[in-house]
Amino acid sequence: MARQRRPKVAVWKFASCDGCQLTLLNCEEELLAVAGEVEIAYFLEASRAVVRGPYDLSLVEGSISTPHDAARIQMVRRVSRVLVTIGACATAGGIQALRNFADVEAWRALVYAHPDYVETLATSTPVAAHVAVDFELRGCPINKGQLVEVLTAFLHGRRPAIPTDSVCLECKRRGTVCVMVADGTPCLGPITQAGCGAICPAYQRGCYGCYGPMETPNATALADWWKHLGVPDGDIARALRTFNAWAEPFRTESERREPH
Amino acid sequence: MQPGAHAVIDLAGFGQVLDLLRASGYRLIGPVRRDGAIVYDEISSAADLPAGWTEEQGPGTYRLQRRNDGALFGYATAPDSWKRALHPPVLRLWQGRRVNGDLQVADEPDDAGPRAFIGVRACDLHAIAIQDRVFLAGQYADPAYKARSENVFIVAVNCGQAGGTCFCLSMGTGPKATMGFDLALTEIVDGGHRFLVEVGTARGAEILDGVPHRPADGADGEAAAQVVAKAAAQMGRSLDTRDIKDLLYRNLEHPRWQEVAARCLTCGNCTMVCPTCFCTTVEDATDLAGDHAERWRRWGSCFSLEFSYVHGGSIRASAASRYRQWLTHKLATWIDQFGTSGCVGCGRCITWCPVGIDITEEVRAIRETSAAMAGAGKEEHRADA
């Protein structure tokens with residue numbers, strides 16, 4: 001397809017572990033095709049060479065957890081035509097959003113020798129809580145195939161084919177026996193968004209909810225069933241508080257189950 | 001032997017039936033024990049079958065258990081039905097490539113090859129017949145389904161025990177296989193492990209003629225009848241189907257839909273395990289350069305928002321509307337659409353619902369309060385007037 005110029009793509013990092021942007025480097029066989037179709041203009045993980053903005057597409061990894069980042073994300077939005085957030089940190093606040101349930105001052109004093117050196121916000125929040133986001137790609141980490149699909153959809157001006165229904169559908173399509181029904185293993189699959197390919201149940205583990213809440217999650221009904229399976233409220237709250245702890249309704253349901 | 005004829009084979013003879021099917025070019029698909037369940041998978045001989053195993057099924061629960069005999073078919077339904085083999089969960093329909101400005105389309109080969117399904121239960125025979133109507137009847141047959149269903153040899157098994165979520169007796173679909181098989185077996189464990197074989201087709205007769213067998217006597221027939229009668233007496237569930245279409249049509253606004261929606265996870269498991277649910281979603285994929293495109297078909301679910309998405313949003317936004325859509329299609333509108341119920345009473349949707357929602361219980365609740373509802377409606381109407 002003849003194009004005037006290759007779209008300029010930037011990859012930004014906020015509070016995160018880098019795993020999601022590494023997914024782009026892990027694309028291996030698709031990486032050359034990606035490099036052929038877009039100009040990687042800003043991607044410090046891959047290259048120190050920086051091309052000035054504005055950018056046609058920004059991929060944003062990480063949550064907003066410092067005053068500096070809260071200002072920087074505004075700048076990223078200003079220089080980006082399309083802004084796509086990638087990974088649970090950017091779409092839900094990440095594991096670091098556990099601070100949102102706690103006393104950050106107390107934690108800071110406990111963890112750092114010189115807490116006064118650390119400038120942090122009381123919360124870790126998703127990018128969409130700060131600026132307009134054009135598309136959120138879920139996962140901890142994101143799925144390589146889904147990332148390529150988002151890039152492809154962007155290049156061809158169409159909506160990405162990213163399902164928002166449950167992990168169960170992926171489990172059933174691949175023929176995995178349900179671990180909750182056949183073994184009583186608590187599983188977050190029914191309320192978690194598809195996308196990973198239902199990896200954990202295929203290895204007889206319950207779903208950990210890495211992709212966050214599915215489109216119409218009924219967390220209360222699932223949590224009630226976990227109780228029926230013998231899982232105490234405190235364990236239910238902990239299971240809901242991982243990478244997507246701050247995402248509704250994982251957040252509300254974990255608060256309801258929290259032992260007082 | 002002729003269709004309708006009966007004979008008896010012993011355990012070794014059963015093994016020889018499978019061996020002969022393989023030697024005749026059929027790939028065997030049958031029950032095997034895997035991941036804490038008895039599932040259908042490729043097998044190579046009778047030794048692969050889960051001899052001496054059974055299971056306990058209830059709403060949202062399934063547990064394997066040992067039997068105190070060596071029965072090969074001493075369990076009820078598997079998590080998956082034969083739908084997987086005939087209507088694959090993920091299928092590439094075609095792929096296209098842009099060559100010098102032209103689109104070149106390549107069809108996908110549909111070459112499942114000859115297959116023998118071993119141990120198909122009566123409910124699943126009815127489910128296959130229902131999907132045959134959906135995919136093959138009328139002007140437009142589904143080529144993928146047609147190719148997969150054309151060369152299947154079916155060895156049915158009459159159920160000797162019913163599962164805790166079974167209700168085929170209510171749906172008139174079992175526990176005895178009455179149609180749609182090449183051979184139908186009744187496994188008799190007591191008084192000498194043997195199988196009473198009913199011949200369903202000429203090619204079934206051909207296979208049976210190729211293995212050692214003896215004529216069935218009155219005692220064999222009696223023993224086999226008892227096996228099936230035992231299963232019929234054990235049904236874990238029942239569903240009153242009297243007037244069911246009108247019952248559901250009369251109760252589209254019943255409060256029960258809201259109550260079940262409070263428990264329903266809208267995860268779609270019921271539609272995946274249902275042996276008659278046939279809906280798919282079709283997805284186009286392109287490569288980065290835009291030179292290569294593929295069209296994929298996946299099992300879809302009426303519990304997904306995308307399923308009822310039209311311009312501007314989903315028609316069935318609430319869980320109540322989606323559960324109602326599924327249940328009323330299965331038990332009522334299916335009758336208008338295809339001339340039969342869409343439910344065969346296999347109970348899979350009850351067992352494999354992660355929170356144990358029970359279709360028979362939902363219908364019962366609506367039936368029991370239907371009259372009261374109708375009365376309340378009239379009261380309301382009078383009050384308005």
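Per chain, numbering begins at 1; letters A, B, ... match sequence-line order.
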> How far apart are the closest heavy atoms of B:Val355 and A:Ala221, and which atoms are they?
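Scanning both residues completely, I find the closest heavy atoms to be CG1-O, 4.0 Å.
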
> Would you say CD of A:Glu215 has more than 12 non-hydrogen atoms from neighbouring residues, nucleotides or ligands within 6.0 angstrom?
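Yes, because the 6.0 Å sphere around CD of A:Glu215 holds more than 12 heavy atoms from other groups.
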
> Taking every heavy-atom pair that is under 4.5 Å apart, which of B:Arg298, B:Glu55, B:Glu306 has the most such pairs with chain A?
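Top count of heavy-atom pairs under 4.5 Å with chain A: B:Arg298.
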
> Give the member of B:Pro79, B:Ala319, B:Cys264 that has the highest number of heavy-atom pairs under 4.5 Å with chain A.
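The residue among B:Pro79, B:Ala319, B:Cys264 with the greatest pair count is B:Cys264.
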
> Could you tell me which of B:Leu64, B:Thr286, B:Val90 has the largest number of non-hydrogen atom pairs under 4.5 Å with chain A?
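Ranked by contacts with chain A, first place is B:Thr286.
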
> Give a yes or no answer on whether the side chain of A:Trp225 reaches the backbone of B:Pro354 with a donor-acceptor pair at less than 3.5 Å.
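Yes; judged by distance alone, with no hydrogens or angles, the pair exists.
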
> Test side chain to side chain donor-acceptor pair (under 3.5 Å) on A:Thr216 and B:Thr266 and set out the steps.
CA-CA 7 Å; A:Thr216 53; B:Thr266 63; 2.9 Å; yes

> Any non-hydrogen side-chain atom of B:Asp35 less than 4.5 Å from a side-chain atom of A:Tyr203?
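B:Asp35 vs A:Tyr203: side chains apart.
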
> Between A:His156 and B:Ala289 (side chain of the first, backbone of the second, donor and acceptor by atom type, cut-off under 3.5 Å), is there such a pair?
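Looks like no, no N/O pair under 3.5 Å.
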
> Quick check on B:Asp41 against chain A: is it the side chain, the backbone, both or neither that has a heavy atom closer than 4.5 Å?
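Contact with chain A is absent: no heavy atom of B:Asp41 under 4.5 Å.
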
> I need the residue from B:Glu283, B:Arg322, B:Arg84 with the largest number of non-hydrogen atom pairs under 4.5 Å to chain A.
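Looking at each option in turn, the highest pair count goes to B:Arg84.
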
> State, to 0.1 Å, how close A:Leu169 and B:Ser304 come at their nearest heavy-atom pair, and which atoms those are.
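Shortest heavy-atom separation between A:Leu169 and B:Ser304 comes out as CD1-OG, 3.6 Å.
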
> Against chain B, label A:Val34 side chain, backbone, both or neither, depending on which of its atoms sit under 4.5 Å from a heavy atom there.
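Its backbone and side chain both get close to chain B.
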
> Select one option (side chain, backbone, both, neither) describing which atoms of B:Phe303 are under 4.5 Å from chain A's heavy atoms.
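Just the backbone, heavy atoms under 4.5 Å.
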
> Does any heavy atom of chain A fall under 4.5 Å from the side chain of B:Thr351, the backbone, both, or neither of them?
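For B:Thr351, the contact with chain A is made by backbone and side chain together.
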
> Shorter than 4.5 Å, heavy atoms on both sides: which option in A:Pro217, A:Ser166, A:Ala182 has the most such pairs with chain B?
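Greatest number of close heavy-atom pairs with chain B: A:Ala182.
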
> Measure distances from B:Pro88 to the heavy atoms of chain A and classify the residue's part below 4.5 Å as side chain, backbone, both or neither.
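Nothing of B:Pro88, per the 4.5 Å heavy-atom cut-off to chain A.
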
> For chain B, which of A:Asp165, A:Val181, A:Thr152 has the most heavy-atom pairs under 4.5 Å?
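Greatest number of close heavy-atom pairs with chain B: A:Val181.
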
> Taking the side chain as everything from C-beta on, heavy atoms only, tell me whether B:Leu305 gets closer than 4.5 Å to A:Thr164.
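Not in contact.
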
> Nearest 0.5 Å please: distance from the SG atom of B:Cys270 over to the NZ atom of A:Lys172.
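Result: 10.0 Å between the selected atoms.
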
> Tell me whether A:Arg159 at atom CZ has more than 12 heavy atoms from other residues, nucleotides or ligands lying less than 6.0 Å away.
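No, the 6.0 Å shell around CZ holds no more than 12 heavy atoms from other groups.
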
> State, to 0.1 Å, how close A:Arg173 and B:Pro89 come at their nearest heavy-atom pair, and which atoms those are.
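The answer is O-CG, 3.3 Å.
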
> Which atoms form the tightest heavy-atom contact between A:Gly175 and B:Asp80, and what is the distance?
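Result for this residue pair: CA-OD2, 4.4 Å.
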
> Would you name the heavy atoms of B:Ala262 and A:Asn218 that are closest together and state the gap between them?
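B:Ala262 and A:Asn218 have their closest heavy atoms at O-ND2, 2.9 Å.
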
> Sort out for me which of A:Arg158, A:His228, A:Glu30 touches chain B most, counting heavy-atom pairs under 4.5 Å.
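Most pairs with chain B among the choices: A:Arg158.
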
> Against chain A, label B:Thr61 side chain, backbone, both or neither, depending on which of its atoms sit under 4.5 Å from a heavy atom there.
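Both parts, backbone and side chain.
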
> How close do A:Gly184 and B:Arg63 get, heavy atom to heavy atom, and via which atoms?
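Residues A:Gly184 and B:Arg63, closest heavy atoms: N-NH2, 3.3 Å.
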
> Which bit of A:Arg174 is near chain B, if near means a heavy-atom gap under 4.5 Å: side chain, backbone, both or neither?
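For A:Arg174, backbone heavy atoms alone lie under 4.5 Å from chain B.
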
